[in-house]
Visitor: 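Dumping the structure here so I can ask a few things about it.
Every chain is numbered from 1, with letters handed out A, B, ... down the list of sequences.
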There are 2 protein chains.
Amino acid sequence: MLTRIDHVGIACRDLDAKIAFYESAFGLTVASIEVNEAQGVREAMMHVADGPAGSSYVQLLEPTGPDTPVGRFLERRGEGVHHVGYGVTNVTAALAAMGAAGIRLIDERPRHGSMGASIAFLHPADIGGVLTELVQAPVTPESR
Amino acid sequence: MLTRIDHVGIACRDLDAKIAFYESAFGLTVASIEVNEAQGVREAMMHVADGPAGSSYVQLLEPTGPDTPVGRFLERRGEGVHHVGYGVTNVTAALAAMGAAGIRLIDERPRHGSMGASIAFLHPADIGGVLTELVQAPVTPESR
């Protein structure tokens, strides 16, 4: 079902400072920086590695304001790991399987994620406190 | 510096129940179950994917008692992501580089991790609240 660890999503207060840190200390490179208004975040995908099922990233998340999911997370927990994203081949099929398994879905239908991906979140209460994201990578010219 | 996301370490209260969940809901398979007395955990490595730099896992961690790092984490934060482990080619060299970069080292020298790996932890306060582990996979017959 899960094809890879797509990314670890990390909540931070200062995106530019954290990008600089992950570049200088760990040698990661920026794959994209985007604002996702629907999720209330400015985010950077820091490339870690490529694999047969796709790449993996550290995703740095800065809230666009305090009254956003990541803003409330920072207020409650401070900086740290916010969620884990796993690759799936077909996010719609994966959501149906998760729902059938009794896992509560935060997203009943896929929505837009980083770098053109289709994503959906599963409820952490059913997954041992881990906010879990399913990620279907976009169809690229090379993967068609 | 970092070659892959080696694992996401997840603290839980009931290892066997969580293993069963990750098997049935996500289709992961158990690669190993070990007790690490030095770290005070019983742990399962759930295989997610293989890549050119090594495999990646969900690491489920159940404390052997309340007065252990994971036991205290559960008391303070509840179940959830405990740390992130990244692959490195040479953990001793990586530790030296991290120390030179001013990151506080929890482990000055590598110690034994899951499945024969050499590992070391870096202090979360210097990495935006993320307890970070460096993992050098053991030399296997195939990789010699």
Side-chain angles (χ1 to χ4, degrees), chain A residues 1-15 17-18 21-28 46-58 60 74 77-88 94 97-98 100-103 122 124-132 134, chain B residues 1-15 17-18 21-28 46-58 60 74 77-88 94 97-98 100-103 122 124-132 134:
Chain A
M1 176 71 81
L2 307 181
T3 61
R4 68 190 187 284
I5 300 176
D6 182 85
H7 66 269
V8 177
I10 296 173
C12 66
R13 298 187 194 281
D14 182 338
L15 183 65
K18 278 295 180 302
F21 174 82
Y22 274 88
E23 286 177 331
S24 66
F26 292 156
L28 304 190
M46 308 294 297
H47 178 266
V48 180
D50 297 316
S55 300
S56 61
Y57 304 90
V58 168
L60 301 172
L74 285 173
R77 304 285 293 255
E79 292 189 323
V81 176
H82 177 262
H83 70 269
V84 180
Y86 297 101
V88 293
M98 301 298 166
I103 300 171
L122 309 177
D126 290 334
I127 312 174
V130 181
L131 178 60
T132 299
L134 304 176
Chain B
M1 176 72 81
L2 307 182
T3 62
R4 69 190 186 284
I5 300 175
D6 182 85
H7 65 269
V8 177
I10 296 173
C12 66
R13 299 187 194 281
D14 182 339
L15 183 65
K18 278 295 180 302
F21 174 83
Y22 274 89
E23 286 176 332
S24 66
F26 292 156
L28 304 190
M46 308 294 296
H47 178 265
V48 180
D50 297 315
S55 301
S56 62
Y57 303 90
V58 169
L60 301 172
L74 286 173
R77 305 285 293 257
E79 292 189 322
V81 176
H82 177 261
H83 69 269
V84 180
Y86 297 101
V88 294
M98 301 297 166
I103 298 171
L122 309 177
D126 291 333
I127 312 175
V130 181
L131 178 59
T132 299
L134 305 176

Visitor: Sort B/Tyr22 into side chain, backbone, both or neither according to what part of it lies under 4.5 angstrom from a heavy atom of chain A.
Guide: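 Side chain only.
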Visitor: Test side chain to side chain contact (heavy atoms under 4.5 Å, CB included) on B/Asp126 and A/Phe21; report intermediate values, then the result.
Guide: CA-CA 10 Å; B/Asp126 291 333; A/Phe21 174 82; 5.5 Å; no
Visitor: Among the options A/Lys18, A/Met1, A/His82, A/Arg77, pick out the one with the most heavy-atom pairs lying under 4.5 Å from chain B.
Guide: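 Going by pairs under 4.5 Å, I would pick A/Arg77.
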Visitor: Is A/Ile103 in contact with chain B via its backbone, its side chain, both, or neither, using a 4.5 Å heavy-atom distance?
Guide: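 Looking at A/Ile103, just its side chain touches chain B.
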Visitor: Would you mind checking which part of B/Leu60 comes under 4.5 Å of any heavy atom in chain A, side chain (CB onward), backbone (N, CA, C, O), both or neither?
Guide: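 Neither part.
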Visitor: Is it the backbone or the side chain of B/Phe26 that comes under 4.5 Å from a heavy atom of chain A, or both, or neither?
Guide: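 Interface part for B/Phe26: both.
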Visitor: Between B/Leu122 and chain A, which part of the residue has a heavy atom less than 4.5 Å away: side chain, backbone, both or neither?
Guide: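 Interface part for B/Leu122: side chain.
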Visitor: Heavy-atom distances under 4.5 Å only: say whether B/Ile5 touches chain A with side chain, backbone, both or neither.
Guide: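 Both backbone and side chain.
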Visitor: Between A/Cys12, A/Gly27, A/Gly128, A/Ser24, which shows the greatest number of heavy-atom pairs under 4.5 Å with chain B?
Guide: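 Looking at each option in turn, the highest pair count goes to A/Gly128.
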Visitor: What part of B/Ile10 lies closer than 4.5 angstrom to a heavy atom of chain A: side chain, backbone, both or neither?
Guide: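 The answer is the side chain of B/Ile10.
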Visitor: Quick check on A/Leu131 against chain B: is it the side chain, the backbone, both or neither that has a heavy atom closer than 4.5 Å?
Guide: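 Contact with chain B involves no heavy atom of A/Leu131 at all.
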Visitor: For B/Ala49 and A/Arg4, work out which heavy atoms get closest and say how close.
Guide: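 It is CB-CA, 3.9 Å.
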Visitor: Given heavy-atom pairs under 4.5 angstrom as the criterion, report whether the side chain, backbone, both or neither of B/Val84 touches chain A.
Guide: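 The answer is the side chain of B/Val84.
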Visitor: Can you tell me which portion of A/Tyr86 sits under 4.5 Å from chain B's heavy atoms? Options are side chain, backbone, both or neither.
Guide: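 A/Tyr86 touches chain B through side-chain heavy atoms alone.
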Visitor: A/Pro52 and B/Pro52: which non-hydrogen atoms are nearest, and at how many Å?
Guide: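 Result for this residue pair: CD-CD, 4.2 Å.
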Visitor: Could you look at A/Thr132 and say if it's the side chain, the backbone, both or neither that has a heavy atom under 4.5 Å from chain B?
Guide: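 Contact with chain B: side chain only.
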Visitor: Under 4.5 Å heavy-atom distance to chain A, tell me which part of B/Ala25 shows up: side chain, backbone, both or neither.
Guide: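 Both backbone and side chain.
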Visitor: Using non-hydrogen atoms only, which part of B/Arg13 is less than 4.5 Å away from chain A: side chain, backbone, both, or neither?
Guide: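 Neither the backbone nor the side chain of B/Arg13 comes within 4.5 Å of chain A.
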